[in-house]
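Notes follow the structure.
All chains are named by letter (A, B, ...) in the order of the sequence lines, taking the proteins before the strands, and each is independently numbered beginning at 1.
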Protein chains: 2
Amino acid sequence: MARSRDKPFAKATETVRIEDVAKLAGVAPITVSRALQNPGKVRESTRLKVAEAVKKTGYVANPFASNLRSGSSNIISFFVSDLRNPHFSNAMQGSADALEGSAYKLMMSQIGYSEEVEAEALNSVLPMRPAALVFTGLVQSTATRARLRDQNIPVMEMWDFTPDPIDMLVGFSNYEGGRMMGQHFGKCGYKHIAYVGRSQGRGAQRLQGFQEALLNTGASVERIFPMEGGRSLADGKKALGDLLEQFPDVDAVFFGTDTLAVGAIFECRTRGINLPEDLAIAGFGDLEVSGQLSTPLTTIHVASYEMGYEAGKILRNRLEGRDGEVTNATKLFPVTLMARITA
Amino acid sequence: MARSRDKPFAKATETVRIEDVAKLAGVAPITVSRALQNPGKVRESTRLKVAEAVKKTGYVANPFASNLRSGSSNIISFFVSDLRNPHFSNAMQGSADALEGSAYKLMMSQIGYSEEVEAEALNSVLPMRPAALVFTGLVQSTATRARLRDQNIPVMEMWDFTPDPIDMLVGFSNYEGGRMMGQHFGKCGYKHIAYVGRSQGRGAQRLQGFQEALLNTGASVERIFPMEGGRSLADGKKALGDLLEQFPDVDAVFFGTDTLAVGAIFECRTRGINLPEDLAIAGFGDLEVSGQLSTPLTTIHVASYEMGYEAGKILRNRLEGRDGEVTNATKLFPVTLMARITA
DNA sequence: TTGAAAGCGCTAACAA
DNA sequence: TTGTTAGCGCTTTCAA
C-alpha cells in the first residue's frame with residue numbers, strides 16, 4: 001500500500017522508494033531489493049529492467065530501513081586515539097583507500113588513551129550494528145576483549161602484535177623493532193646508552209627488545225628516562241637537554257618515538273653537537289621528516305599507511321565474502337631498521 | 001504487541017528494546033521515548049522512573065529505528081581530501097573533540113581532489129540523512145553548491161574564505177596570508193623573488209596576495225614555478241635544486257606550502273647554503289616542524305586544529321538548538337605572519 | 001502529561 | 001525465479 005503522495009508529509013514527493021522503482025519495472029518491491037542486493041537470485045532480464053528503473057528514478061535505498069530490517073549495517077567503525085599522530089591518520093587514510101568503492105562507510109570514534117572512554121565509545125557504536133570494528137591499537141581492557149569475542153562481529157586490531165587477537169590483526173612487533181635497534185647499537189659499540197620514552201605499553205615492549213639485544217652483545221642500557229606524555233618535537237628538545245644534564249657521559253640514545261628523536265636532533269644542531277660523533281640518536285616509527293633531514297635519522301620503519309590499507313583490504317575480503325581459505329587473518333608486518341646517519 | 005522472546009530470532013534475547021524499559025518502568029513505550037528525547041515533556045517523577053529502568057536494562061535506542069521513523073540521523077558527515085595532510089587530520093581531530101560527548105557520530109568520506117568524486121560521495125551519504133555535512137575545503141562544483149543550498153541540511157565549509165558560503169564557514173584568507181608574506185618580503189628588501197607552488201585554487205590566491213603586496217613596495221615576483229602536485233618534503237628538496245639551476249640569481253623564495261619549504265631548508269643545509277644570508281625561504285601553513293627547526297621557518301600560521309574545533313562547536317550549537325542569534329555563522333580565522341629566521 | 005494506533009521503507013520467511 | 005505477508009523498533013499523530 002503506497003503512502004499517498006498528496007499529504008504534506010516531509011519532502012515525501014522528493015523521496016524515491018523501492019515501491020516506485022518496482023512499479024516502474026513492473027515487479028514486486030522484493031524483486032527490486034533482490035536485484036540490487038543479490039543479483040544472482042534474479043533472472044538477468046529482470047535485473048536489467050530493474051536497473052533501468054533505478055537509473056530513471058535515481059533510487060537509492062534508505063539505509064535505515066534496510067538496516068533496521070536486516071539487523072546489520074554497512075558501517076565500519078574506526079576507533080582512533082588521536083588523529084594528530086600521523087601514524088594513525090595515515091593508517092585511517094590507508095583503510096579508507098582500501099574500502100573506496102565498496103558499500104562500506106567509515107565512522108570515526110575517539111577512544112583517547114583510556115579504557116573507560118574505550119568502553120563508552122564502544123557502547124555508543126554497537127547499537128548501530130556496525131559491519132566491523134577497527135582499532136588502531138590493541139583493545140586494552142580484558143573485559144572489552146571478552147565482550148567483543150562474544151559478539152559475532154568482525155574486529156580488526158592494528159598496530160601491535162599479540163598471539164591472541166580478538167579476531168583479525170594487522171600489526172608489527174614493537175619488541176622486534178627494539179631488538180633490531182639494540183643489535184645495531186651493540187654493533188656500533190656504544191658504551192653509555194640511554195633510553196628515553198614511554199615505559200608502558202608499546203614503549204615497554206620496544207625497551208625490552210632493545211635491552212635484551214644489547215645484553216647479547218655485552219652492552220646494556222645504563223639509564224632509562226621514562227616519559228609517558230612526550231608527543232611533540234618540543235618535548236624531544238627538552239628531553240635532550242635533560243638527558244645531557246643528568247647523564248653527561250651518554251654516547252647514544254634510543255628514543256621511543258621519532259618525534260622525540262627529531263626534536264632532539266634539532267636541539268643538537270642548535271647546541272653544535274655533531275651526530276653521530278658526539279652523540280648517537282635513534283628513533284622509532286620513521287616519520288617522513290626522519291628520512292629527509294640533512295642528517296637523516298636512524299630509526300625503525302613502520303609502514304603505517306600500508307598497514308591501514310592492508311587492514312582495509314582484509315576486512316573488505318571478509319565482509320564481501322571473498323576470504324577464501326583465510327578466516328582468522330593475522331598479518332605481521334615486518335619492521336625494518338633504517339640505519340641512516342645519526343646512529 | 002511484544003515479539004515473543006522464545007523464537008530463535010537473531011540474538012533477540014540480547015537486545016533490550018524500548019518496550020522492555022517501558023514495562024519495567026510501568027509506562028508506555030512512547031513515554032520512554034519522550035523521557036529520553038524531550039525530558040521537558042514528561043513529569044520529573046516519570047523521567048526518574050524511566051531513567052532507572054534504562055540504567056537497569058542497559059537500554060540504548062536502536063538508531064536505525066529512530067532514524068527511519070523520524071527521518072533524520074545523528075550522523076555528521078566529514079568530507080576530506082586526504083588525511084595524510086596534517087592540516088586536515090588536525091582539523092578533523094578538532095571537530096571530533098568539539099563534538100565529544102554529544103549525540104553526534106562522525107562519518108568520514110573521501111572526496112579526493114575531484115568534483116566527480118565529490119558528487120558521488122555526496123550521493124552515497126545523503127540517503128543517510130546526515131544531521132550536517134562538513135567539508136574541509138569549499139565545495140568545488142557549482143552544481144553541488146546549488147544542490148546543497150536546496151536541501152535543508154546544515155553545511156559547514158572550511159579552510160578557505162568566500163563571501164558566499166553555502167551555509168556556515170570557518171576559514172581563513174589565503175589571499176591575506178600571501179599578502180602578509182609579500183609585505184614582509186618587501187620590507188626585507190629582497191630583489192630576486194620566486195614563487196614555487198600551486199598555481200591553482202588556494203595556491204593562486206596566496207600567489208595573488210603575495211604579488212600585489214610586493215608591487216606596493218616596488219618589488220615583484222620575478223619567476224613563478226608552478227607545482228601542482230608537490231606534497232612531500234622530497235618534492236621540496238627537488239624544487240630547490242631546480243630553482244637554483246633555472247634561476248641562479250634568486251635571493252628569496254616563497255613556497256606555497258610548508259612541506260615544500262621545509263624540504264628546501266633541508267636541501268640548503270646539505271648544500272651549505274646559509275639561511276637567510278644566501279637565500280631567504282618562506283612557507284605557508286606552519287607545520288609543527290617549521291617552528292622547531294634549528295633555523296625556524298618564516299611562514300604563515302594557520303590554526304588547523306583550532307579551526308576544526310571551532311567548526312565542530314558552531315555546528316554543535318546549531319544542531320543542539322543553542323545558536324541564539326547566530327544562524328548563518330561565518331568565522332574568519334586570522335592568519336599570522338611568523339617571521340622567524342629563514343626570511 | 002500520558003497513551004493508542006499507525007507506519008517510516010525495507011527485507012526475512014515462507015509460499016507459489 | 002518471483003511474490004505475499006509480516007514486522008524490524010522506534011516516534012509521529014491524534015486522542016484522552
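- If you take CG of N38(A) and P of dC10(C), they are 16 Å apart, rounded to a whole angstrom.
- Where P63(B) and R34(B) each meet DNA chain D at their nearest nucleotide, the meeting point lying more 5' is that of P63(B).
- Each of dG9(C), dT11(C), dC10(C) was ranked by its minimum atom distance to the side chain of P29(A); first place goes to dT11(C).
- Among the nucleotides dC10(C), dT1(C), dA4(C), the one closest to any side-chain atom of T46(B) is dT1(C).
- Atom CG in D20(A) sits roughly 9 Å away from atom P in dG9(C) (whole-Å rounding).
- You'll find that the side chain of R43(B) is closest to dT1(C), out of dG3(C), dG9(D), dT1(C).
- When each of dC10(D), dT1(D), dG3(C) is scored by its nearest atom to the side-chain atoms of V27(B), the top-ranked nucleotide is dG3(C).
- Rounded to an integer number of Å, the gap from I18(B) CD1 to dA4(C) C1' is 14 Å.
- One can place CG of L48(A) at 14 Å from P of dT1(D), the figure rounded to the nearest angstrom.
- Side-chain nitrogen and oxygen atoms of S70(B) include none within less than 4.0 Å of the OP1 or OP2 phosphate oxygen of dC8(C).
- Between E44(A) and R47(A), at least one side-chain nitrogen of the basic residue sits less than 4.0 Å from a carboxylate oxygen of the acidic one, meeting the salt-bridge criterion.
- Between S66(B) and dG9(D), a side-chain N or O to OP1/OP2 separation shorter than 4.0 Å is absent.
- D167(B) has no carboxylate O lying under 4.0 Å from a charged side-chain N of R145(B), or vice versa, which leaves the two without a salt bridge.
- Of the charged side-chain nitrogens involved, at least one lies within less than 4.0 Å of a carboxylate oxygen, so that D20(A) and R17(A) count as a salt-bridged pair.
- Remark: C1' of dT11(C) and CD of E19(A) are 14 Å apart, rounded to the nearest angstrom.
- Between S33(A) and dT11(C) there is a side-chain polar atom (N or O) within less than 4.0 angstrom of OP1 or OP2.
- For the pair K23(A) NZ and dG3(D) C1', the computed distance is 16 Å after rounding to whole Å.
- The closest side-chain heavy-atom distance from L133(B) to F78(B) is not below 4.5 Å.
- Judged by the 6.0 Å distance and 45° axis criteria, R84(B) is positioned over the aromatic ring of Y305(A).
- Between the CZ atom of F64(B) and the C1' atom of dC8(D) there is a distance of 12 Å, rounded to whole Å.
- In this structure, I30(A) atom CD1 and dA15(C) atom P are separated by 16 Å, rounded to whole Å.
- For R69(B) against dG9(C), a side-chain-to-base donor-acceptor contact under 3.5 Å is absent.
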